[in-house]
Each structure stands twice: as structure tokens, then as C-alpha cells.
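What you see is a predicted model; the values in this text were computed from it and never measured. We use all heavy atoms of the structure for the numbers below, so side chains are in, but hydrogens, waters and symmetry mates are not.
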Amino acid sequence: MSLRPSIHAILLVAALAGALPVRTTLAAEAAPDSTSLEAPRLVDPSAAPALEATLDGLPGMGAAESEALLNQPAIEDIELQMNADVLRYIAFFTGAGRSTFERWLKRSGRYMELFRSVLQKEGLPPDLVHLVFVESGFNVNARSYASAVGPWQFMRATSRLFGLNVNQWVDERKDPEKATVAAARYLKHLYGIFGDWPLALASYNAGEGTVMRAIKAQGTNNYWELRLPKQTEDYVPQFMAAMAITRDPVKYGFTDILYDDPMRFDEVSLKGAVDLRAIAKLAECDYEELKELNPSVRNAMVQGANGITSIRVPEGKSEIIQRKLSEGADLPRVNLTVRHRVRSGETLRSIAAEFSVNPNDIARVNKLGRGRPLRKGMLITIPSTMRAPRPAVLAADTTDPRASTAYVPSRRIGLPARIDGNSVPIDRVTHVVKRGETMASIAARYGVSAEDLRRWNRLKNVSVRPGARLRIRSTEVADDSTGTDAAVLANGPADVDAPAEEAPARRHTVGRGETLTSIASRYQVTVADLRRWNSLRKGVVVKRGQSLLVSGPSAEADGTTLDAPARESRTTAKRAATTHTVRRGETLSSIATKHGVTVAELKRLNRLTSTNVKVGQRLKLPA
């Protein structure tokens, strides 16, 4: 996902106070105070944040009405909309992309329960959890080519807009709980604009500005009729396909999935910085296990926002930590020295304030003064060390702040507009114009009128350029929005004794690197059929841009084929797990992060009794 929000944040004024012992709850952030650089001490994670800045009334509404609109819970369920585009992705996820979807399902076991719970607390349909299949496949360490990060694929600017911290110690876009809260609030904002989930989901992918401009230019508020960037046109069908499969995985042949165990943890909150290695020793658990529970922590050392550090520990370990602290155990000295690249307009005082250190110490360590002034682009050292005295153990509090989502600071953001979305699934195909084709010839090829082509594609004249993408609608499906295939998927396969009807003709434009074999696999037909339907001799190689006739049981036409459990191919059954050779400086944790698996999986697969690995050691990876 590449988020391009067209909205502005109102700054948060948050403050927390108090001091309470270790708890099995999630911490809220506290306000800075004069002791923020003192040694770690236990604090109260249940204090409520201060209220945000007030919101001016939306156009045509008073403040009270605006407040009610922005906080109105969304509908409880998301309607499963089915058409040829969705069926195509169901066929892919159950066919060529089956192994990938199996891996996503396996990972989902760890986070599905947590994500659904957070969405529900935010007043959103739990079905929105299926967006994570499309965004990251439930890989909390996922990073896109556009630098979107985490399970919900947030860009840095958007994550800060919705209350997440990204700094030298943490990247909360990777935090499974906090990132879900931020995603829920962004989705709630988008639904407030469009009042329609397909349009809101498309905006999550392309940005609300892109979708709003498309609606204005094309004169339709139906997602399925809009011309959008290709990635966004595929995005909602992928979501619908993932939702259809996971609502009933057995129906689609996913019967032997070994789901990861759900996340189970306690949480401790301390004042100041902590070292995960010291906490692991105190809790008598594995450091790598702590890293897995705290994927947002960039290094072993971490300091939370405003001096409050909250970390997850394995379930039951908080009691061990509390007992040892009460017996006089000390937390070790933490070195938070970091390197900072000076940005335009920064001063020694502003940098010191950002890192909560003394500006004179920064000047002294970096030998800055009249003879060596601070310059833009300079790489300076930020010193910060802390020592933990023996903390006092207080009475435990029974309040559970996880009953709400106040652990992520909320932002009040006005709606730029309101659109009454009305997304009704229609059947459509996309035709890529080739050299020599005209509007008339394309219309004749698909049995529609040139005027229809112009209307469907919002064209002002009859000329088209090679490479242009034209939407072509099926009249039958446009008149009946439920669609035959949707009924098949909802009610199960048709009577196996009934004679099969011939599938409607479909065409496929050969893409880069595609072969007859890959195309046949995609449409669940044989290479021999493709040759016969297109009068191709054996040995003929298809070329990029070539149009092929694809009839028979294709993804777009045959719901019965889609409902049949997929068979495991011989190559899949015999395929061995891939391997990774350990290089200098790598750890089991970094290898797991690189390949999107857990340390526990690597240890189990390679029969490791510890997390130590050697340079040159070959590790098996999950297939």
C-alpha cells in the first residue's frame, strides 16, 4: 500500500501521571516531566489520556452533529460482493497462488483474534481484518517498495497522523496492536467520507484524494464502475476473494492448515529506558522471544514516548518480574547513545529536547562551538545513559486499559467531503488496445456498441491509443448485479448431474514473461485446449501483447470449478523447503525477519535447542 493522505493532523496534548507496579496490561503514554531521564521505574499504564483539541463543525453541520458523525460506529458486517474480478482472484488463491495463501492463513492464526478484537473495540466490522491478507500476508515486518511498513502497511507520515511513533528506538507500524488501532481509525475516517466499504478500501490503497477525483471526473459513486490505478482496481477484488475464502476455508480446499498459536502475553510498563536483554534475564525467558513479542523495538535498548516504556513479556512472566523486583533485583545501566543526522533548521536545543538530553552534553561530546558550528547534514552523537535503582513495589491495580484502545493517542481529523457511495458489483473485462484497433472494431469484437464503450470509459471522442485500457461490461451481469457466479459461491456448487453449460468466450492479453503453461495454470485449463482454441501448433511461442482466446472452465465463468477442493500437485508434494546460509553478523532473529517467519518456526524446523547460529550454517526455511 502506498498511502497519500490529503488530510492534516491536529496536534495532540496528552498527559499521564501516577506510579503503579508491573501489570498484565497495555500502557498509555505519559507526559514528559523533569524525571524522564531517571532510571526505569514502574508506572501506571491505566491512566486515561487527556482530551484532544476540539474539532470545528463540518460544512453544513454543527460541532455536536460533526462529533456524532465522526464517532458513529460502522455497519457490523461487510457485504461480500462477487463478480468476475473477485472470482479470478479466488481462482488464483486456490490455484497458482495457493501456497502463498496457505502461508498467509498459517500466520493469521497468531494475529487474527487480536486484530478482530481491536477492530471491534473501534466500532468497525471485524471483517476488515481480511485487508491484512492483501497488505502484508500477516507479516508484521513487511516492507513494501514504497517504504510502507508493518501488517497494515503504513507510510511514515500517515502513521504519525494516526498516533503511531516512528523514531530511533521504535517503529510502531510493526506493533500488531497499535498499528491495528491506527488502521481502524484511518478506515473509520475513510468510511465517514464515502459511506461505502469498497470505496473506503480503495482509498486506503490509493488515497482518498485519488478516489474523490475519480468520482468527480467520471460521474459515478460505484467502485466497480470507476477507472482507477490498476493496483487499486485489483485491490478490492483481492480483499473480497480473501474474505470469501477465509469465511469458509474448507469449502475452497484449505483443510490441513496448521495455524500459528495466537499471541498470548503480559505487559510491563516502566519509567525510563530498558534493555530487552535485561528484561529477558529477569523474566527467565528467551531474548528472541521478547523480540518476537515486541516487533516494533528496533534494537535491544528502547525508550518509549515521553519516558514511558511498555514491553510485552510471555504470559505469566510479569509475576516473576514483580517478585524479583520486590526482592531487590536491579535493572542494569542502559546506554541510549544514538547517531543523528542534522536536519535543516535544527538547533542544539531542539535536538536535545527531541532526545531528552542536555544540549551542553551534545556540544561537548561532538566538540561543537564557535570554531565548529552545527551544520545541516552533520552526523552527531547523542549521549544518554541511565541507571535503574531498586524500584518500590506497590499494590496491583485491577483496571484493564485493554478494554479500550486508549493506548494509541487519538487524532481528530475533519472530513474533506461526504459522498454517498453505492458500490454494486458488475461484471467487466479489461481490454488493452493494440495497434490498428479502433473503437468500432473493439466494440464489434465484444458484441457491444461503440457508444457503450465511450460511456463506460468516459471517453469524449472515438479515437483510442495503443496501450489504453478499456472497460467492457457484460450486459447480463450489469442487469443482474447478484450474478450467477455469486449465487454459486453463496449456495455451493451446482448439481453435479446437471449438464454443464459452455463457458462464455474470454480473451487474455499475454504479459511479460508469460507462457502457455503459466496462462493455462492461471485459467485452470490445459495447454492443449489453449492451442486448440487459438489454432496454435506445438512449439509456437506466444508473444507479449498477443491476444488469446480462453474459454472452458476459466476463473471468470465456472463457479463449480472454484468450489472444488484443490488437488496437491506432484511438484508441490515433493518440493523441499528452501534454505538460507548464515552470513557474518546475522542472527536467528534477523534471518526470521528477512524471510517473514518466526524464530520458533526456524528452531522447530531445524531442531535447534538455542538461538545461536554459526557463519556458513545452512538453515531450512518453511516451504
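Counting heavy atoms from C-beta outward, L470 and L459 have side chains that approach closer than 4.5 Å. Taking 4.5 Å as the limit, every side-chain heavy atom of L124 sits out of range of all side-chain heavy atoms of Q120. Contact of the L105 side chain with the Y259 side chain is registered, since non-hydrogen atoms from C-beta on lie closer than 4.5 Å. Looking at R445 and S441, their side chains never come closer than 4.5 Å, going by heavy atoms from C-beta outward. Looking only at side-chain heavy atoms (C-beta outward), T180 and K121 stay at 4.5 Å or farther from each other. Inter-residue side-chain proximity for K230 and R469 is flagged as met; some heavy-atom pair is nearer than 4.5 Å. W104 places none of its side-chain heavy atoms less than 4.5 Å from the side chain of V132. Looking only at side-chain heavy atoms (C-beta outward), L536 and L548 come within less than 4.5 Å of each other.
The CD1 atom of I419 sits 4.0 Å away from the CD1 atom of I215 when rounded to the nearest 0.5 Å. To the nearest 0.5 Å, atoms CH2 (W197) and CE (M240) are separated by 11.0 Å. The distance from the OG atom of S449 to the CH2 atom of W456 is 6.5 Å, given to the nearest 0.5 Å. How far CG of L201 is from OG of S423: 9.5 Å, rounded to the nearest 0.5 Å. Residue E172 holds its CD atom at 15.5 Å from CZ of F162, rounded to the nearest 0.5 Å. A distance of 10.0 Å separates CG of L164 from OG1 of T158, quoted to the nearest 0.5 Å.
Not a single donor-acceptor pair under 3.5 Å links the side chain of E122 to the backbone N or O of L119. Under a 3.5 Å cut-off, the side chain of N534 and the backbone N or O of L530 do form a donor-acceptor pair. With hydrogens and angles disregarded, no donor-acceptor distance shorter than 3.5 Å links the side chain of N422 to the backbone of N221. A donor-acceptor distance shorter than 3.5 angstrom exists from the side chain of S203 to the backbone of L199, with no hydrogens or angles considered. Put simply, the side chain of S144 gets close to the backbone of A148: a donor and an acceptor are under 3.5 Å apart. Proximity of a side-chain donor or acceptor of N222 to a complementary backbone N or O of V424 within less than 3.5 Å is detected. A donor-acceptor pair under 3.5 Å is formed between the side chain of N83 and the backbone N or O of I426. Under the 3.5 Å distance criterion, the side-chain polar atoms of T232 are left unmatched by any main-chain donor or acceptor of L228. No donor-acceptor pair under 3.5 Å is formed between the side chain of S117 and the backbone N or O of E113. Checked by atom type and distance alone, the side chain of T94 pairs as donor or acceptor with a backbone atom of I90 at under 3.5 Å.
Ion pairing of E102 with R98 is present here, as a side-chain N (NZ or NE/NH1/NH2) and a carboxylate O approach within less than 4.0 Å. One finds a salt bridge joining R454 and E451 here, because a Lys/Arg side-chain nitrogen approaches an Asp/Glu carboxylate oxygen to under 4.0 Å. Taking the charged nitrogens against the carboxylate oxygens, R247 and D127 do have a contact shorter than 4.0 Å, which makes a salt bridge. For the pair D260 and R107, the salt-bridge criterion is not met [side-chain N within less than 4.0 Å of a carboxylate O].
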query = Step by step, would you call R471 with E233 a salt bridge (charged side-chain N to carboxylate O under 4.0 Å, His left out)?
reply = CA-CA 11 Å; R471 284 282 182 76; E233 289 184 356; 2.7 Å; yes
key: Residues N457, R227; criterion side chain to side chain donor-acceptor pair (under 3.5 Å); working and verdict   = CA-CA 8 Å; N457 294 279; R227 291 176 57 82; 3.1 Å; yes
message = Walk me through whether E437 and V464 qualify under side-chain contact (heavy atoms from CB on, under 4.5 Å).
response = CA-CA 8 Å; E437 287 186 319; V464 287; 5.9 Å; no
task = Kindly indicate, with the supporting measurements, whether the criterion side-chain contact (heavy atoms from CB on, under 4.5 Å) is fulfilled by V129 and M112.
result = CA-CA 7 Å; V129 72; M112 182 72 81; 3.4 Å; yes
message = Checking Q81 against W224 for the side chain to side chain donor-acceptor pair (under 3.5 Å) test, could you report, in this order, the C-alpha distance in whole Å, the side-chain angles of both residues, the deciding distance, and whether it holds?
response = CA-CA 10 Å; Q81 299 191 356; W224 302 101; 2.5 Å; yes
request  = Before giving the answer on side-chain contact (heavy atoms from CB on, under 4.5 Å), spell out for D196 and D420 the whole-Å C-alpha distance, their side-chain angles and the decisive distance to 0.1 Å.
outcome  = CA-CA 7 Å; D196 177 271; D420 293 326; over 6 Å; no
Derivation of the side chain to side chain donor-acceptor pair (under 3.5 Å) call for S296 and D171 = CA-CA 5 Å; S296 63; D171 187 343; over 6 Å; no
inquiry  = Quick one, R173 with K178, criterion side-chain contact (heavy atoms from CB on, under 4.5 Å). Give me CA distance, side-chain angles, the key distance, then yes/no.
reply    = CA-CA 8 Å; R173 295 176 294 178; K178 292 184 177 181; over 6 Å; no
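Using modelled atom types and a 3.5 Å distance limit, the side chains of E208 and Y186 yield a donor-acceptor pair. Between the side chains of Y235 and E135, a donor-acceptor pair is found at a separation under 3.5 Å. With no hydrogens or angles considered, no side-chain donor-acceptor pair links S136 and W152 at under 3.5 Å.
P176 and L114 make their closest contact through CB-CD2, 4.1 Å (heavy atoms, listed as atom of the first residue, atom of the second, distance). What you find for P151 and K174 is that their closest heavy atoms are CD-CA, 4.3 Å. When every heavy atom of K434 is checked against every heavy atom of P466, the shortest pair comes out as C-CB, 4.3 Å. Taking all atoms of both residues into account, the shortest heavy-atom contact from L190 to A200 is CD1-O, 3.4 Å. Shown here for Y252 and A244, the closest heavy-atom pair between the two residues is CE1-O, 3.5 Å. Here the closest heavy-atom approach between residue A202 and residue V236 is recorded as N-CG2, 4.0 Å.
Between F101 and F133, the distance separating the two ring centers is shorter than 6.0 angstrom. Aromatic ring centroids of F194 and Y223 lie 6.0 Å or more apart.
Between F239 and H130, the ring planes are perpendicular. Angles over 60° get that label, and only those under 30° would be called parallel. Taking the six-membered ring where the residue is Trp, F92 and Y89 present perpendicular rings, their angle passing 60° and hence far from 30°.
The salt bridge (charged side-chain N to carboxylate O under 4.0 Å, His left out) check on E225 picks up R473, with sequence neighbours excluded.
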